[in-house]
Amino acid sequence: MNKLDTALVGSALKAAGFELTGSVKEADAVLINTCSVREHAEQRVFSHLGHLKHIKESRPALVVGVIGCMAQRLGKQLLEDKTVDIVCGPGQIPQIVTLVREALDGNKKTLSITEKIRQKPDEDNTLDDFESAYGIEDKEIPGQAFIRVMRGCDKFCSYCVVPYVRGAEVSRQPKVIIEQIKKLAGNGVKQVTLLGQRVNAYRYTTGEKTYCLADLLSMASDIKGIEWIRFVTSYPSKEFFDEILEAMATLSKVCNYLHLPAQSGSDKILHAMNRGYTCSEYLELLDRARAAAAGIAIAGDFIVGFPGETKEDFQATVDLVKKARYKNCFIFKYSPRPGTNADEKLKDNVPAEIKRKRNIELLDVQNEISEKLSRQSLKKTVRVLVEGLSKKPHLNQAGSENKPQLVGRTTADYIVVFNGPKALAGQFAEVKIKRTSALTLFGELSH
Ligand code: 5AD
Ligand code: SF4
């Protein structure tokens, strides 16, 4: 979501005649897009602001803007910081060009956020128009694009800040989404990733018909030029689950990958998290997914050290990870977020050191599983959509000058590293796997 917002803001500024630079030294304005999901992410923003404060002492004309979830969460408080000129929430990004211009011209401070964040927004196309206009510009990974199909979240998991900063759940019109994908395909995009906090809960009713995610997958599959379709993130619920699995099984363009966060393996903790399912219900969903879509890769998210998590609760999480056989997992230490139910009603009573140990232990358990699963690709030839130059070329042998190390992903989201011509970025390639690690497959280009 944040990557998409950053790309949209960048595209809008470029279209308005601004030039983007990666260097603060060269910049007239610095915008920080922010995440509020964990305290650590917010602390990093404060330390960036501290750094910018020094720069601003010698260059008072430098404009500093904070955009995204932290802007929405902290609003006025952020604007009180002398360093900050613009505070712009996720719902106000279409105003960013105007806000930057005004700040550059007039040295004026502006706060632009949603007043009543939980109120369902009126029929207003500003955000949609902004997404459609600038969603086709980003070229960070050639051949790929993100498309938001839903905004906000109504789930209120007790630890989570998202419903308070991204607002009420709203599904975008299928017509608008499909038009946007068609435009992207016309611009050479081959893979689209449909985005939503609970993307599998997508629901749009018009007249007699209710569209669900499976309908979007099917309509997107009909678009010429689009070859792979992904969607993230899914919520473990039965609603539309069979329809979506059926779409995965029957539509060849839909990638064989499901990100289905469990968060915990303990029913007691799942209840305290307000997740609305038990561990065995969750495992049943995994069974159904594997039965419907052969070879599907599943990824998970877990929070360790949630309030009240005992040794036994954590052990239940370890057992779930062993049973689930995830391709990979994202594991986080619980971070209390102001305004959430968990923060207001439960004591953050698992010591930091225990959170750290549980995080490491769970990662180790998952790592062993990931290694085993990766090994199944050994000696096989896999189809890869090439993203570009590898960022960690030291992991593999250095290539010759015209065959640098490239990185791409398979349909099941495995990262594949191999040597090949740079021009392959944005194209499909066949790669024979020669070596594997937990998170990466290493191979050679097949001819
Ligand atoms: N503390 C730690 N992790 C969190 N996540 C969401 N909120 C918190 C929190 N307060 C994790 C969840 C979610 C992922 C995006 O971030 O695992 O799936
Ligand atoms: Fe947060 Fe739960 Fe919504 Fe995901 S489903 S964004 S964890 S409230």
Side-chain angles (χ1 to χ4, degrees), residues 1-5 34-44 68-70 72-73 90 117-118 148-171 195-203 213 231-241 258-266 269-277 282 285 298-309 313-314 317 320-321 324 326 328-350 352 354-356 358-359 362-363 366:
M1 281 291 176
N2 279 2
K3 270 193 190 174
L4 172 60
D5 286 341
T34 59
C35 170
S36 286
V37 134
R38 281 169 294 275
E39 195 189 355
H40 178 65
E42 294 198 340
Q43 277 164 353
R44 279 174 45 205
C69 294
M70 244 178 113
Q72 179 63 42
R73 191 175 89 74
I117 191 72
R118 290 302 310 166
R148 194 173 346 242
V149 302
M150 287 173 90
R151 298 197 175 86
C153 184
D154 288 348
K155 265 322 264 191
F156 288 96
C157 301
S158 64
Y159 51 80
C160 184
V161 78
V162 169
Y164 306 94
V165 287
R166 290 264 175 188
E169 217 164 85
V170 181
S171 292
L195 295 181
Q197 307 293 347
R198 300 198 292 145
V199 71
N200 52 333
Y202 176 88
R203 170 194 284 270
L213 181 70
F231 56 93
V232 283
T233 287
S234 297
Y235 190 91
S237 68
K238 293 187 179 118
E239 198 190 14
F240 299 134
F241 200 66
L258 191 64
H259 182 217
L260 198 71
Q263 311 297 3
S264 171
S266 151
I269 298 294
L270 285 170
H271 183 72
M273 287 176 161
N274 191 30
R275 292 289 286 180
Y277 53 83
Y282 176 84
L285 292 179
I298 295 169
D301 286 7
F302 286 92
I303 296 175
V304 294
F306 187 81
E309 186 186 73
D313 295 317
F314 176 65
T317 297
L320 168 57
V321 166
Y326 295 107
N328 67 298
C329 272
F330 303 96
I331 302 167
F332 308 101
K333 289 176 282 202
Y334 171 68
S335 165
R337 304 284 56 223
T340 60
N341 274 337
D343 185 49
E344 284 177 358
K345 303 205 174 90
L346 306 171
K347 198 159 172 273
D348 180 18
N349 62 355
V350 179
I354 300 213
K355 283 182 186 165
R356 197 182 67 86
R358 288 181 183 169
N359 192 346
L362 201 57
L363 266 176
Q366 177 54 44

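Only a predicted model underlies this, so the values are computations on that prediction, with no experimental measurement involved. Just so you know, ligand 1 is whichever comes first in the structure, and atom 1 is the first atom listed for that ligand.
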Query raised in the report: Any N/O of Y334 closer than 3.5 Å to an N/O of ligand 1?
Result: no
Query raised in the report: Of the options Y326, Y334, F332, F330, which is the one that meets F302 in a ring pair (Phe, Tyr, Trp, His ring centres under 6.0 Å)?
Result: Y326
Query raised in the report: Under a 4.5 Å cut-off applied to non-hydrogen side-chain atoms, are D5 and R148 in contact?
Result: yes
Requested in this report: Tell me which protein heavy atom sits closest to atom 16 (O) of ligand 1, plus the residue, atom name and distance to 0.1 Å.
Outcome: R38 NH1, 2.9 Å
Query raised in the report: Is there a side-chain contact between Q197 and M1, using heavy atoms and a 4.5 Å cut-off?
Result: yes
**Report entry** Residue and atom name of the nearest protein heavy atom (relative to atom 2 (C) of ligand 1), distance in Å to one decimal
**Finding:** K333 O, 3.3 Å
**Report entry** Sub-3.5 Å N/O-N/O distance, R337 and ligand 1
**Finding:** no
Requested in this report: Check whether any side-chain heavy atom of R166 sits under 4.5 Å from a side-chain heavy atom of C69, and report yes or no.
Outcome: yes
Query - D313 and R358 ion-paired at < 4.0 Å - result: no
Query raised in the report: With no hydrogens and no angle check, do the side chains of Y159 and R275 hold a donor and an acceptor under 3.5 Å apart?
Result: yes
Query - Residue D301 vicinity, atoms of ligand 1 by number, heavy atom under 4.0 Å - result: 13 (C), 14 (C), 15 (C), 17 (O), 18 (O)
Requested in this report: Could you tell me whether the side chain of V149 reaches within less than 4.5 Å of the side chain of S171, counting heavy atoms only?
Outcome: no
Report summary line: The atoms of ligand 1 lying under 4.0 Å from a heavy atom of Q263, numbered in the order shown, are 12 (C), 13 (C), 17 (O), 18 (O)
Query raised in the report: Which part of Y159 is near ligand 1, with near meaning a heavy atom under 4.0 Å away: side chain, backbone, both or neither?
Result: both
Requested in this report: Give a yes or no on whether a salt bridge exists between R203 and E169, defined as a side-chain N under 4.0 angstrom from a carboxylate O.
Outcome: no
Query raised in the report: Is it true that D154 and R118 have a side-chain N and a carboxylate O under 4.0 angstrom from each other?
Result: yes
Query raised in the report: Do the side chains of E42 and S36 get nearer than 4.5 Å, heavy atoms only?
Result: yes
Report summary line: The protein heavy atom nearest to atom 10 (N) of ligand 1 is S335 O, 2.8 Å
**Report entry** Protein residues having a heavy atom less than 4.0 Å from any atom of ligand 2
**Finding:** C153, K155, F156, C157, Y159, C160, V162, P163, Q197, R198, Y235, R275
